[in-house]
Amino acid sequence: MKVARFVGARPQFMQVPPLMEKILEAGHRHILVHTGQHYDANLSDVFFRDLGIPEPNYNLNVGSGSHGKATGIMLERTEQALQEIKPDVVVVDGDTNSTLAAALAAAKLHIPVVHVEAGLRDFDRRRPEEINRIATDHCSDLNCAPIPRALQNLANEGLAARSVLTGDVLLDCLIRYEARFSKAVQERLKLAPGRYHVLTLHRPENTDFEYYDRFCDIMGAVGNIGLPVIFPVHPRTQPILQRYIEEHGGTGDVRPIPPLSYFEILGLVSDCEAVFTDSGGLPREATWLGRKCVMLFKVETWHDLLKNGWAQIGMTDRASIEQAFERSRPADRDAVRRLFGDGMASQRIVDAINVHIH
Ligand code: UD1
C-alpha cells in the first residue's frame, strides 16, 4: 500500500519515525507530507534534523493565518497533493488544523483515513483542537485510541466499529529516544537536578491578549515558588510575554528562553522538580518521567492523570496554581506508562491498518 502521512505542527514531528519504521517494515510505501503549519526552524527543522526524519516528499508551505484561512488553504493544497500522490490510505495524528485539513480532503476524495491519537475529548467546543478531534474522528475509517477512555469516547459517538485501542505513539517516542535526552540546557543555565521548574504556555486561552489577566496570574504564581522556572517560549506567546515584561519590569524567577528541541525539552524535564504546562503532550511526558506536573488548563483529555493523582490541575488563578503545586507528588512512572500502552503502539496501528484498510 502507498501510505501518505500528513504532519504540520511541532507535536506531530517526533511521532513520524516510530510509525514510519513499522509502515516500511510491513512492506508499505511511506510518503511524508508537511503542511507547513509550523515553519520556524526551532518549531520544525530542528525536529527533522535531530530525529533523522527524511526531507518531506511534499511541503505545502501553508504558514500561519486565522483558523478558517489556514485550514482552508491547507484543504485546497492537500487535495492537490493527494491527487498527485494517489495514496491507498492517509494517516493523520493529533488535533491540529493540519490533522483536520488532511482528513477532510482525503475523505472527500474517498481515500481511507487513519486517525492516530483518536477519541480524546475535552468537552469544550470553544477549543480549536476539540473541533478538530471530533471532525477528524468522524471522517476517519480507522480510529486508533491511545487510552481506554478515548476508545470509550469513540464508542459513545457511535464509532466503535471503526475504532481500536493501540496505546500512545508519544510513549513509543519517549522509550525510543530516552537515552538521547540532552542535559545541554541545564548545563548551559547552571541548573542543579531537582532545583528548577519548567513552564510552557501556548494555548490561545492563556496567551491571547484578551486573557492577559490570566497570563499575569500564571506568571505571578509560578514566579514565586522559590526556584528558577525555565520557560521555553512558543512564538505565539512572545507578544503577551513582551507586554508582561514591559508592565512588570521583568519576569521574577521565570527565565524565558527560545523554544527547545525534543531532546532538550525532555532532557530538561527529566531533571526538573515540576512541570507547569498547558500543552497536551508535556503532561504525559512529565509523568512518564516521574516528575510532578501541574496542568494549566481545564482538561478532560488527561482525566486519568488527575484521577490517579499523577498530575494536578491548577486552573489559572494564582491561588489554585499554588495549591495544585503544593498537592503535587512525583508521578509513579511505571503505572502511568502502563495506562498509555507498552511502547508498541506503532506496531499495533500498522497491524490494524493491515486488517481494516483494503
Ligand atoms: C498548534 C496547534 C496546537 C498544538 C500546537 C503545538 C492548532 C489549532 N493548534 O498551535 O494544538 O498544541 O500547535 O505547538 O492546530 N507561529 C510562528 N512560527 C511558526 C508557527 C506559528 O511564529 O512556525 C506563530 C504565529 O504567530 C501563528 C501562531 O504562532 O499565528 C499560532 O500558530 P498555529 O499553528 O495556528 O497554532 P499553535 O499555537 O502553534
Side-chain angles (χ1 to χ4, degrees), residues 6-16 34-49 56 59-75 77-78 92-104 115-118 120-122 124-137 146 169-170 173 199-211 215 231-243 256 258-262 264-266 275 277-286 295-302:
F6 279 76
V7 294
R10 181 168 63 173
Q12 291 162 333
F13 302 138
M14 68 286 244
Q15 306 206 43
V16 170
H34 190 325
T35 64
Q37 179 177 345
H38 284 176
Y39 44 85
D40 277 354
N42 55 18
L43 289 194
S44 178
D45 300 1
V46 65
F47 289 81
F48 280 76
R49 202 173 53 236
N59 192 322
L60 309 183
N61 292 313
V62 168
S64 302
S66 66
H67 285 283
K69 186 173 169 204
T71 312
I73 297 172
M74 267 189 249
L75 191 58
R77 294 192 190 168
T78 301
V92 298
D93 62 336
D95 53 18
T96 68
N97 290 341
S98 300
T99 313
L100 173 63
L104 194 52
H115 187 202
V116 173
E117 213 178 80
L120 299 169
R121 295 289 181 272
D122 272 332
D124 180 353
R125 291 168 65 94
R126 287 167 309 173
R127 288 220 170 109
E129 289 83 3
E130 184 76 351
I131 302 299
N132 292 345
R133 290 172 190 141
I134 295 169
T136 304
D137 288 341
V169 177
L170 196 62
C173 298
L199 169 68
T200 79
L201 290 173
H202 75 277
R203 278 179 194 267
E205 69 216 57
N206 287 336
T207 60
D208 282 355
F209 275 110
E210 61 184 295
Y211 301 113
F215 183 80
F231 181 18
V233 183
H234 187 292
R236 75 166 297 141
T237 310
Q238 201 62 52
I240 200 166
L241 175 65
Q242 208 47 47
R243 174 170 164 193
L260 298 176
S261 71
Y262 180 66
E264 287 172 335
I265 183 77
L266 289 191
V275 172
T277 186
D278 66 4
S279 146
L282 218 45
R284 285 177 273 166
E285 295 166 326
M295 297 195 269
L296 298 171
F297 58 124
K298 180 179 162 293
V299 64
E300 276 297 319
T301 334
W302 306 122

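Atoms within each ligand, like the ligands themselves, are counted from 1 in listed order.
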Subject >> Winner among Q37, R10, Q238 once heavy atoms are compared against atom 34 (O) of ligand 1 >> reply: Q37

Original post:
Between R236 and D208, does at least one N-O distance fall below 4.0 Å, as a salt bridge requires?
Top reply: yes

Original post:
Under 3.5 Å between some N or O of ligand 1 and some N or O of E129?
Top reply: yes

Subject >> Side-chain ion pair, E300 and R133, N-O less than 4.0 Å >> reply: no

Original post:
Testing P259, P258, P235 for side chain to side chain contact (heavy atoms under 4.5 Å, CB included) with D40, which one passes?
Top reply: P235

**OP:** Could you check atom 30 (O) of ligand 1 against the protein and tell me its nearest heavy-atom contact, residue, atom and distance included?
**Re:** S64 CB, 3.5 Å

Original post:
Can you list the residues that meet the ring pair (Phe, Tyr, Trp, His ring centres under 6.0 Å) rule with H34, with sequence neighbours excluded?
Top reply: F13, F48

Original post:
Run the side chain to side chain contact (heavy atoms under 4.5 Å, CB included) check on D122 and E130 step by step: do they pass?
Top reply: CA-CA 7 Å; D122 272 332; E130 184 76 351; 3.6 Å; yes

Original post:
So, T96 and Q12: side-chain donor and acceptor under 3.5 Å apart, yes or no?
Top reply: yes

**OP:** Please report which non-hydrogen protein atom sits nearest to atom 8 (C) of ligand 1, along with the residue it belongs to and the distance in Å to one decimal place.
**Re:** N97 OD1, 3.4 Å

Subject >> Nearest non-hydrogen protein atom, atom 16 (N) of ligand 1 >> reply: Y39 OH, 3.7 Å

Subject >> atom 26 (O) of ligand 1 touched by protein heavy atom at under 4.0 Å >> reply: no

Subject >> Proximity flag P11 to ligand 1, non-hydrogen atoms under 4.0 Å >> reply: yes

Subject >> For T277 against S279, the heavy-atom pair lying closest together >> reply: OG1-N, 2.9 Å

**OP:** Quick one: list whatever passes ring pair (Phe, Tyr, Trp, His ring centres under 6.0 Å) with H234, sequence neighbours left out.
**Re:** H38, H202

**OP:** Locate the shortest heavy-atom distance separating G94 from E117; write the atom from each residue and the value.
**Re:** CA-OE1, 3.5 Å

Original post:
Which atoms of ligand 1 sit under 4.0 Å from any heavy atom of P235?
Top reply: 17 (C), 18 (N), 22 (O)

**OP:** Report yes if some heavy atom in the side chain of L296 is under 4.5 Å from a heavy atom in the side chain of R203; otherwise report no.
**Re:** no

Original post:
So is D40 polar-close to ligand 1, meaning N/O to N/O under 3.5 Å?
Top reply: yes

Subject >> Atoms in ligand 1 flagged as close to T96, the criterion being non-hydrogen separation under 4.0 Å >> reply: 2 (C), 7 (C), 15 (O)

**OP:** Report, in ascending order of atom number, the atoms of ligand 1 lying under 4.0 Å from any heavy atom of R236.
**Re:** 28 (C), 29 (O), 31 (C), 38 (O)

Original post:
Less than 3.5 Å between some nitrogen or oxygen of H234 and one of ligand 1, yes or no?
Top reply: yes

**OP:** Pull out every atom of ligand 1 sitting under 4.0 Å from any heavy atom of L43, numbered as shown with elements.
**Re:** 19 (C), 20 (C), 23 (O)

**OP:** Would you mind checking which non-hydrogen protein atom is closest to atom 20 (C) of ligand 1, with the distance to 0.1 Å?
**Re:** H38 CD2, 3.4 Å

Original post:
At what distance, to the nearest 0.5 angstrom, does CZ of R10 lie from CZ of F47?
Top reply: 5.5 Å

**OP:** From the options R203, E130, H202, select the one whose nearest heavy atom is closest to atom 10 (O) of ligand 1.
**Re:** H202

Original post:
Is the shortest distance from a heavy atom of H67 to ligand 1 less than 4.0 Å?
Top reply: yes

**OP:** Report, in ascending order of atom number, the atoms of ligand 1 lying under 4.0 Å from any heavy atom of D95.
**Re:** 11 (O)

